[in-house]
Amino acid sequence: MKTGIFVGSFDPFTIGHASIVRRALPLFDRLVIGVVGDNVHKPGMRPAEQRMQVITNLYRDQPAIEVKPFYGLAMDFARQQGAQFIVKGVRSVTDFEYEQWQADFNRRLGGVETILLYTEPELASVSSSALRELSYFGVDVSEFLPHAE
């Protein structure tokens, strides 16, 4: 069984994240979405359980998708899940450079390959941190959040 993981804080889970999930799903028999637990200190970050519930609701009809809390290193989480691959989204050259060195360590130290999926052009500006900031100032960001079908 081919298993991939897709990890992040997902605060909030955006249409950009949903695009990565939709495009990665055909590559795997099982895709585990790992939600960073409450051990990360980001100002105003919603509790992991709340973030997980949003994602679980979105994919409740997708048996190949599991949503689990994630603590520590992605390569360790991949091994715990029996995953051979880590899926990452890349929006820019800066993202690529960051993901490149992470992928090297994950492969060399963890034996896990990284698959980079480039962001769809119309979603390149969508980021959780931007949406959090806009929300803080009262802007309605609902158009950037996926909705259960």
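Values in this document were obtained by computation on a predicted structure and should not be read as measured data. Values below: all heavy atoms of this structure, side chains included; hydrogens, waters and symmetry mates excluded.
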> Hey, any chance F28 and F6 share a hydrophobic cluster, counting ILVMFWY side chains that come within less than 4.5 Å of each other, even indirectly?
Replying inline: yes
> Tracing side-chain links under 4.5 Å among I, L, V, M, F, W and Y, which residues wind up in one group with Y136?
Replying inline: F137
> Do K68 and Q80 meet the criterion of a side-chain donor-acceptor pair at a distance under 3.5 Å?
Replying inline: no
> Less than 4.5 Å apart, any side-chain heavy atom of D11 and any of S128?
Replying inline: no
> Among V32, T56, L58, which one satisfies side chain to side chain contact (heavy atoms under 4.5 Å, CB included) with V67?
Replying inline: T56
> Who pairs with Q53 by side-chain hydrogen bond (donor to acceptor under 3.5 Å, both in side chains), at least two apart in sequence or on another chain?
Replying inline: N57
>> Hydrophobic clusters here meaning ILVMFWY residues chained together by side-chain heavy-atom distances under 4.5 Å, can you tell me if V126 and Y118 are in one?
In response: no
> Once you round to the nearest 0.5 Å, how far does OG1 of T119 lie from CD1 of I20?
Replying inline: 5.5 Å
>> Please say yes or no: joined through hydrophobic side-chain contacts below 4.5 Å, possibly via intermediate residues, are L27 and M1 part of one cluster?
In response: no
> Is there side-chain contact between F105 and L73, with heavy atoms separated by less than 4.5 Å?
Replying inline: no
>> S142: which residues meet the side-chain hydrogen bond (donor to acceptor under 3.5 Å, both in side chains) condition with it, sequence neighbours left out?
In response: D140
>> With clusters defined by side-chain heavy atoms of hydrophobic residues (ILVMFWY) lying less than 4.5 Å apart, directly or transitively, does L145 cluster with V35?
In response: no
